[in-house]
Amino acid sequence: MDARYQPIQIEEKWQRIWENNKSFQVVEDPRKPKYYVLEMFPYPSGRIHMGHVRNYSIGDVVARYKRMRGYNVLHPMGWDAFGLPAENAAIERRIHPEKWTQENILYMKTQLKRMGLSYDWAREVATCQPEYYRWNQWIFLQFYKRGLAYKKSSSVNWCPSCETVLANEQVIEGLCWRCESAVVQKELDQWFFRITRYAEELLRDLEQLTGWPEKVLTMQRNWIGKSIGAEILFPLINRQESLRVFTTRPDTVFGATFLSLAVEHSMALELSRGTSQESAVGQFIDRFRQQNSAGRGAEEGEKEGIFTGAYCQNPFSQVPIPIYIANFVLMEYGTGAVMAVPAHDQRDFEFARKYGLPIQVVIQPEDRILKTEELSEAYVGEGTMVNSGAFNGLRNIEGKDRIAEHLEREGWGQKSVRYRLRDWGVSRQRYWGTPIPIVYCNRCGVVAVLEEQLPVRLPTDVPFTGRGGSPLRESKLFTQVQCPQCGDDARRETDTMDTFVDSSWYFLRFVSPSLMTAPFDVQQAKYWMAVDQYIGGVEHAVLHLLYARFFTKALRDIGLARVDEPFTNLLTQGMVCKETYRCVEHNWLLPSELAGSEKEGWQCPQCARPVEKGRVEKMSKSKKNIIDPEELINAYGADTARLFTLFAAPPEKDLEWSDQGVEGAYRFLTRLWRFISQHRATLVGAIADLKQLNGVREARNLQRMIHRTIKKVTDDIDGRFHFNTAIAAIMELFNALSAAAQGPTRLQDRPLIKAGTEAMITLLYPFVPHLMSELWESLEKTQRLEQIPWPEYWPEALEEEELLIVVQVNGKVRGKMTVSADVQQSQIEVNALADARVSAFIDGKKVQRIIYVPRRLVNIVLEG
RNA sequence: GCCCGGAUGGUGGAAUUGGUAGACACACGGGACUUAAAAUCCCGAGGACCGAAAGGUUCGUGCCGGUUCGAGUCCGGCUCCGGGCACCA
């Protein structure tokens with residue numbers, strides 16, 4: 001055995017062995033329980049970053065642990081390979097997106113392999129391969145057949161910089177999620193997936209996702225945004241039609257003193273026709289349509305509106321009420337028209353005050369009496385209905401139902417449920433994505449490509465200029481086709497699919513990655529699905545996770561998937577952060593370019609001004625606080641990188657990078673190496689029996705510690721994912737074993753130290769697989785470590801012979817005593833009272849009572 | 001504004017059900033080895049106070065209050081930090 005720990009050699013050796021033995025390849029095996037662990041697959045940007053290292057280290061611990069527990073573990077990896085950066089590279093560096101992507105995948109794959117991650121690489125998929133994206137197209141056609149995919153003209157979010165449409169979720173505070181330029185509205189024909197058909201089920205099934213973080217469930221719930229209420233028809237005065245509004249507060253309908261329409265409402269201009277308001281209304285509409293496109297959502301502006309000149313009748317109060325157009329009413333939600341109840345809705349209240357509209361209180365709270373004149377804000381709480389005709393005196397909660405029933409009887413409307421969730425716009429005016437399998441024929445109209453003609457491949461004769469719309473339009477080869485129905489010349493759809501489509505079902509493709517006849521095999525999916533543990537960043541809490549849930553349900557209804565939910569358990573890991581350095585003038589600085597020193601204070605290399613040590617921030621290039629995983633591995637090896645990221649913080653919390661912490665992890669591994677090589681002579685040979693009882697007390701204590709560590713590490717890994725405390729416990733065991741191995745003669749119980757060392761190596765294997773495999777082999781075991789089962793603790797060994805009892809007086813610790821485990825409570829109390837320090841505190845006072853917590857503590861409560 | 005998290009030594013973090021707060025590690029200090037340094041090994045350590053020392057007292061988990069024999073943990077009211085949503089009728 002080498003005197004020095006040389007991680008690179010060891011790691012290359014074991015990676016080769018695992019690859020040659022196909023150690024992590026799996027097939028369905030009905031005799032074993034299955035376990036599917038999956039980490040969110042990466043976008044092949046070129047290099048892995050610390051976020052990947054952390055994500056995949058966590059997953060690998062779970063995978064290796066579950067294998068040792070006897071599970072048939074599916075642990076695949078692939079590439080989310082379509083997307084904008086590839087196209088940007090094509091524009092900037094004249095390299096084809098496909099070439100760029102393939103090169104990145106190759107490089108990143110070697111990086112991932114150097115991490116020693118236990119993937120079944122035989123199942124690798126890349127979403128940009130025709131073998132993969134043909135099934136995107138196939139699914140699209142199934143959706144199209146069922147009305148789940150449809151086309152509509154709509155105002156969409158348009159990023160002028162990326163020249164592409166963005167989903168609502170991709171617009172963050174009015175800015176493009178990717179390039180942060182201001183998003184504008186544009187009218188385009190778009191393909192949509194009817195996710196709203198599943199809104200109710202997507203909401204309801206959140207309840208069965210008990211293995212998901214509450215935070216993510218809440219975000220999804222809010223995103224779906226279910227509102228229960230009613231639609232009410234307000235008949236127009238002097239016209240035949242009615243205006244339909246949606247409200248969640250039918251109980252306040254008697255307080256509706258005007259109506260507000262969205263600027264885009266179809267009746268907005270129409271209502272003002274022939275009135276004195278007509279031209280003013282027209283101007284108002286033009287102005288706010290513009291404003292909307294300039295940056296909706298940027299901030300909450302002043303409420304503005306205009307009277308249309310028209311009136312309708314409140315069907316309940318029979319009062320004629322004016323109809324306004326208001327800038328804050330959204331066309332996309334509800335019906336684009338709201339009944340305004342200023343007394344009980346803050347927005348309506350502000351609007352009414354501004355335009356001098358009537359305010360009518362119809363709900364009175366319990367504790368005070370509202371008067372219209374005295375209102376300073378809307379009252380939105382519960383109460384009793386007043387000024388509401390036959391409904392007076394009802395609790396408003398009850399009133400909601402009673403009003404809704406009443407209007408259904410009268411034909412004035414009906415109960416209604418609305419969702420904030422919109423249909424998913426999947427069209428992208430881009431090249432590097434899945435072509436939408438649709439053809440436009442002058443004779444037949446919109447025609448689906450025949451399934452046997454799939455895949456519709458991306459053409460190669462496309463120029464990348466970065467200007468104009470979709471590059472696919474430039475390809476004659478691509479756009480000119482024959483109509484699948486009539487055979488006439490036709491034009492191919494040039495939109496490609498949102499890349500979220502690719503990632504919405506990749507976990508299903510992994511169960512049959514090379515199947516040519518279907519996206520995946522139903523039986524294989526039945527065996528492996530659902531994913532037992534999914535691990536990734538919380539940034540996908542809404543988008544990806546909601547779309548994947550939708551796809552799973554839709555594919556189930558098509559007859560392919562057999563599960564309702566794709567991911568049984570979800571772990572959202574925290575970000576990887578590091579401290580930053582910043583100069584007032586020259587902004588972020590690399591730690592390596594700083595002048596000065598930690599003690600004297602850092603200076604800017606350019607202007608020599610003192611540099612402020614900035615906050616701890618998420619690692620990013622722009623903040624110059626990244627650590628390159630490859631450099632880390634070159635310097636310390638993958639085992640150190642893994643150990644540090646797993647030890648520094650629990651997975652769901654943010655991890656603060658620390659170079660000294662990395663050193664510490666490396667030192668620990670070096671100490672282990674030295675320990676084994678030093679004591680190798682007594683540690684080699686067949687696995688020792690962990691259950692051999694030893695008469696010497698110190699040995700029994702060590703044995704107890706070994707078994708306690710096995711239990712602790714098992715509990716920490718399994719379900720709790722507290723890897724940091726699991727590792728801490730192993731470190732404690734190691735400290736105890738080292739002490740025992742060097743200690744006085746009584747502790748030199750060789751078979752026990754040997755058994756403890758073997759247990760320690762096994763326990764550490766999921767975290768530090770290369771080094772542990774090497775150490776295990778050096779101890780001349782017959783089987784490789786990854787074939788060894790997880791150690792079982794022996795409950796009998798956990799039993800304490802002696803207990804440390806804490807003695808409190810009035811809740812404060814005043815003494816400790818060691819007693820034999822079989823001593824009775826009464827005797828312990830007597831001993832406690834007899835303790836010299838304790839009795840000094842009692843000091844003649846009367847003992848009121850004694851609390852005894854079995855095996856732990858005695859609390860003597862004194863009078864007074 | 002609304003909804004979720006979070007706050008514990010010099011630092012990252014432990015304390016799983018209300019029962020010794022600070023495991024484990026980093027950084028730090030002292031010592032050993034060395035001509036010296038690095039590496040390694042050993043020892044120490046929450047703050048304040050008392051004591052020559054052994055040891056002891058007392059305060060202490062963001063702030064204020066409560067429940068309890070006992071609160072980092074439970075309850076009420078705040079402060080600050082992070083995240084999500086944001087005119088959704």
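Per chain, numbering begins at 1; letters A, B, ... match sequence-line order.
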Pick the closest RNA chain B nucleotide for A:R837 and for A:G811 by heavy atoms, then say which residue is nearer the 5' end. A:R837
For the side chain of A:R347 and the base of B:rA89, is some donor closer than 3.5 Å to an acceptor across the two? yes
Taken to the nearest whole Å, CD/A:E539 to P/B:rC85 is 12 Å
Determine the contact category for A:K618: base if any of its heavy atoms lies under 4.0 Å from a base atom, sugar-phosphate if only primed atoms, P, OP1 or OP2 are that close, otherwise nothing. nothing
Between B:rA52 and B:rC69, how far apart are the two C1' atoms, rounded to whole Å? 39 Å
Is the glycosidic angle of B:rG44 within 90° of 0, making it syn, or outside that range, making it anti? anti
Rounded to the Å, how far apart are A:D654 CG and B:rG83 C1'? 10 Å
Using a heavy-atom cut-off of 4.0 Å across all strands, would you classify A:R720 as base, sugar-phosphate, or nothing? base
Side-chain donor or acceptor of A:K812 under 3.5 Å from a matching atom on the base of B:rU20? no
Taking the side chain from A:N314 and the backbone from A:V253, do they hold a donor-acceptor pair closer than 3.5 Å? yes
Does a salt bridge link A:E304 with A:K354, judged by any charged N lying under 4.0 Å from a carboxylate O? no
Within the structure shown, what part of the strands sits under 4.0 Å from A:R420 by heavy-atom distance: base, sugar-phosphate, or nothing? base
Pick out the pairs of N or O atoms, protein on one side and nucleotides 71-74 of chain B on the other, that lie under 3.5 Å.
none

Gap in Å between the two P atoms, one belonging to B:rA27 and one to B:rC41, rounded: 13 Å
Tell me whether the rings of A:F284 and A:F288 are parallel (<30°), tilted (30 to 60°) or perpendicular (>60°). tilted
Spacing between A:R667 atom CZ and B:rA39 atom C1', to the nearest angstrom: 10 Å
Under 6.0 Å between the ring centres of A:Y355 and A:F258? no
Which whole number of Å gives the distance between the C1' atom of B:rG77 and that of B:rU67? 15 Å
Hey, does A:G664 reach any base, or is it just sugar-phosphate, or nothing, if we go heavy atoms under 4.0 Å? sugar-phosphate
Could you tell me whether A:R347 and A:D345 make a salt bridge, using a distance below 4.0 angstrom between a side-chain N and a carboxylate O? yes
Which whole number of Å gives the distance between the P atom of B:rU8 and that of B:rA23? 16 Å
For a quick check of understanding: with a heavy-atom distance under 4.0 Å over all strands, which category does A:Y419 fall into, base, sugar-phosphate or nothing? nothing
Quick one: label A:V861 by what it contacts on the DNA or RNA (base, sugar-phosphate, nothing), any heavy atom closer than 4.0 Å. sugar-phosphate
Rounded off to whole Å, could you give me the CZ-to-P distance for the A:F351 and B:rC87 pair? 17 Å
Is the ring centre of A:F351 less than 6.0 Å from the ring centre of A:F328? yes
Under 3.5 Å donor-acceptor, A:S57 side chain and A:R642 backbone: no
Write down the distance separating the C1' atoms in B:rU61 and B:rU73, rounded off to the nearest Å. 10 Å
Count the heavy atoms belonging to other residues, nucleotides or ligands that lie under 6.0 Å from NZ of A:K415, then report whether that count exceeds 12. yes
For this output row, return yes or no: ring centroids of A:F668 and A:F734 closer than 6.0 angstrom. yes
If the C1' atom of B:rA7 is compared with that of B:rC42, how far apart are they to the nearest Å? 37 Å
Using the C1' atom in both, what is the distance from B:rG18 to B:rC28, to the nearest Å? 35 Å
Got a list of protein N/O to nucleotides 3-10 of chain B N/O distances below 3.5 Å?
none

Starting at CZ of A:F234 and ending at C1' of B:rA89, how long is that distance when rounded to a whole Å? 12 Å
Strand partner of B:rA48, provided both Watson-Crick or wobble distances fall under 3.5 Å: B:rU57
Using only atom types and a distance under 3.5 Å, with no angle test, would you say the side chain of A:Q220 pairs donor to acceptor with the backbone of A:A541? yes
Taking the six-membered ring for Trp, are the ring centroids of A:Y5 and A:Y666 within less than 6.0 Å of each other? yes
Just how far, in rounded Å, is P of B:rG13 from CZ of A:F723? 17 Å
Between B:rC2 and B:rU58, how far apart are the two C1' atoms, rounded to whole Å? 45 Å
According to the Watson-Crick and G-U wobble definitions, with both distances under 3.5 Å, which nucleotide is paired to B:rG22? none
What contact category does A:Q346 fall into here, base, sugar-phosphate, or nothing, at under 4.0 angstrom with non-hydrogen atoms? nothing
Using atom CG of A:N327 as one end and atom P of B:rC88 as the other, report the distance to the nearest whole Å. 13 Å
If you look at every strand shown and take non-hydrogen atoms under 4.0 Å, does A:N859 touch a base, only sugar-phosphate, or nothing? base
Rounded distance in Å - CZ (A:R244) to P (B:rA89): 18 Å
With sugar-phosphate meaning primed atoms plus P, OP1 and OP2, does A:R855 contact a base, only sugar-phosphate, or nothing at under 4.0 Å between heavy atoms? nothing
